[in-house]
Amino acid sequence: MGYRDVAKVGLGGPVGSGKTALVKRLVPELVDEGYDVGVIANDIMTQEDADVFRESFADLLPEDLVEGVETGACPHTGIREDPSMNLAAIDEFTERHPDLDVVLIESGGDNLAATFNPELADYFLFVISVAEGEDIPRKRGPGVTQADLLVVNKTDLAPHVDADLDVIEADAGEVRGDDPFVFTNCKDGSGVGSVLEHVEREVLFV
Amino acid sequence: MSTDPQSFLTALRLSDSFLPVGGYTASYGLEQYLNEDRIEDGDDLQALLAAYLRRVVGPCETVALANAHGASTAADLETLLAVDERLHAVTMPQEFRESSTKAGAKLCELLGETAAESGPEGGTDLESAFADTVASDDTPGHYPVVFGVVAERRGLSRLEACLAHAYSFITGLLGAAQRLGRFGHTEIQSVLEALGPTIAETCERHVDDEVTAMASFAPLAEIMGMRHERAGRRLFMS
Ligand SMILES: Nc1nc2c(ncn2[C@@H]2O[C@H](COP(=O)(O)OP(=O)(O)OP(=O)(O)O)[C@@H](O)[C@H]2O)c(=O)[nH]1
Ligand SMILES: [Mg+2]
């Protein structure tokens, strides 16, 4: 057993876009469907952050399936050029839990250029927030264009930040061509079901 | 090949992406190949980089570097300037020239500043004369030319200098490819390993070429480099 034997889902995106919020929404759903899930948080500032995950998943996941990986202040490098420490953490997961089905890897908050190494993530979600500006999709960052699924989060905030969801939708459609994107609101959970469907279909082959 | 430990360390230093001369901002047209979906996988990437080696790095940059190295040994500023001018003339896309001259200027500056601190040694007169000419914009100061001088002054043989440069050119482009496309780290390392013999062959073939032999024939790469100027997506300077 090793990292090659488990489905790996990467979540990248700018600081504060809602990656952690989405992981917190996805994990209970996946556990509910009977999957054995592991979670890795990258570029934590202290182990406290990993503890936050451990706490919120206390009733859902074994403690040793939640891990923090420090990336030496280089969040890009840890998920792209040299993912070896993340892969090592996944290897430890699979050693301890040979039945593990899927690992969610949250990247450190970054800019629009961060993409996941295909050996680290079989499927890669890029999470942006409408509050970062409605022009984010049309900037064509590699994260936005190359992700398997683009997640546009915090739709509830659109009216407060003068972001037009129709503009975002049109731009996202244009820059992504046939590749999918979904709108989510992690506060009330809307759209999360659609993210889950994509993940299950594409990596868990449901 | 030299076994002098200090020269060996210099070779490592000059070929390391840790060297702060902005190498990470250049893709020499590779971004445009990816923008136009001309590279799908590691095999495509390997074939493209092998072509860069055979048609650009070898016949242009390695020839320039080797002749700059020779001019440095002979302390011949005039020849050095002629090498620089010729490399400028044979490098077609404007952005290739800019990436190369910006990095060249930075390498001059950096080594000028750090060497000054490490002791007042003679023998770097040519290096500082060339650096002054670059700083006053009287010569373009292309990276391979500066590289040839600083490598020679620090004891690298001509072939070692060419190898260190060609290797760092390739790792620079592999890094760019990894940031732009979806290549795994193992795949990138396999491509690098597979290109090893081509790097060595290319340098050996051109290390003794005369400066008048300097020429490139890479029309598609040059067109990609030129189209990149107006590309919809530009994460790299070239
Ligand atoms: N209104 C609203 N707030 C949200 C939503 N999703 C997340 N938030 C809030 O946005 C803030 C940042 O969310 P996180 O999930 O921590 O963002 P992150 O992407 O993990 O941030 P980093 O890991 O620091 O890059 C928190 O205060 C969340 O409660 C949403 O859909 N709507
Ligand atoms: Mg987070």
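Since the structure is predicted, the reported quantities are computational estimates derived from the model, not experimental observations.
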- Query: Quick one: what part of B/Leu180 sits under 4.5 Å from any heavy atom of chain A, side chain, backbone, both or neither?
  - Reply: backbone
- Task: Look at atom OH of B/Tyr167 and say whether more than 12 heavy atoms of other residues, nucleotides or ligands are closer to it than 6.0 Å.
- Result: no
- Message: My understanding is that only residues two or more places apart in sequence, or in another chain, count here; which of them pass side-chain contact (heavy atoms from CB on, under 4.5 Å) with B/Ala105?
- Response: B/Val134
- Decide side-chain contact (heavy atoms from CB on, under 4.5 Å) for A/Glu81 and B/Leu174; before the verdict, give the C-alpha distance in whole Å, the side-chain angles of both, and the deciding distance to 0.1 Å. CA-CA 10 Å; A/Glu81 285 87 346; B/Leu174 285 173; over 6 Å; no
- Message: Looking at B/Glu229, I want to see if its CD is surrounded by more than 12 non-hydrogen atoms of other residues, nucleotides or ligands under 6.0 Å.
- Response: yes
- Task: Return the option, out of A/His76, A/Lys139, A/Gln146, A/Arg140, with the maximum number of heavy-atom pairs under 4.5 Å with chain B.
- Result: A/Gln146
- So what's closer than 4.5 Å to chain B heavy atoms on A/Leu87: side chain, backbone, both or neither? side chain
- Query: Listed by residue number, which members of residues 33-45 of chain B have a heavy atom under 4.5 Å from any heavy atom of chain A?
  - Reply: none
- Student check: side-chain heavy atoms of B/His185 and A/Pro83 closer than 4.5 Å: yes
- Task: Drop me the distance from A/Glu119's CD to B/Ile188's CD1, to the nearest 0.5 angstrom.
- Result: 9.5 Å
- Below 4.5 Å from any heavy atom of chain A, which atoms of B/Arg182 appear? Answer side chain, backbone, both or neither. both
- Item | Non-hydrogen atoms of A/Pro118 and B/Gly184 that approach each other most closely | CG-N, 3.5 Å
- Message: Atom CE of residue position A/Met85 - does it have more than 12 heavy atoms of other residues, nucleotides or ligands inside 6.0 Å?
- Response: no
- Yes or no on side-chain contact (heavy atoms from CB on, under 4.5 Å) for A/Thr115 and B/Gln178, after CA distance, side-chain angles and deciding distance? CA-CA 9 Å; A/Thr115 50; B/Gln178 199 170 12; over 6 Å; no
- chain B heavy atoms under 4.5 Å from A/Thr145: which part of the residue, side chain, backbone, both or neither? side chain
- Query: For atom CZ of A/Arg4, is the number of surrounding heavy atoms from other residues, nucleotides or ligands below 6.0 Å larger than 12?
  - Reply: no
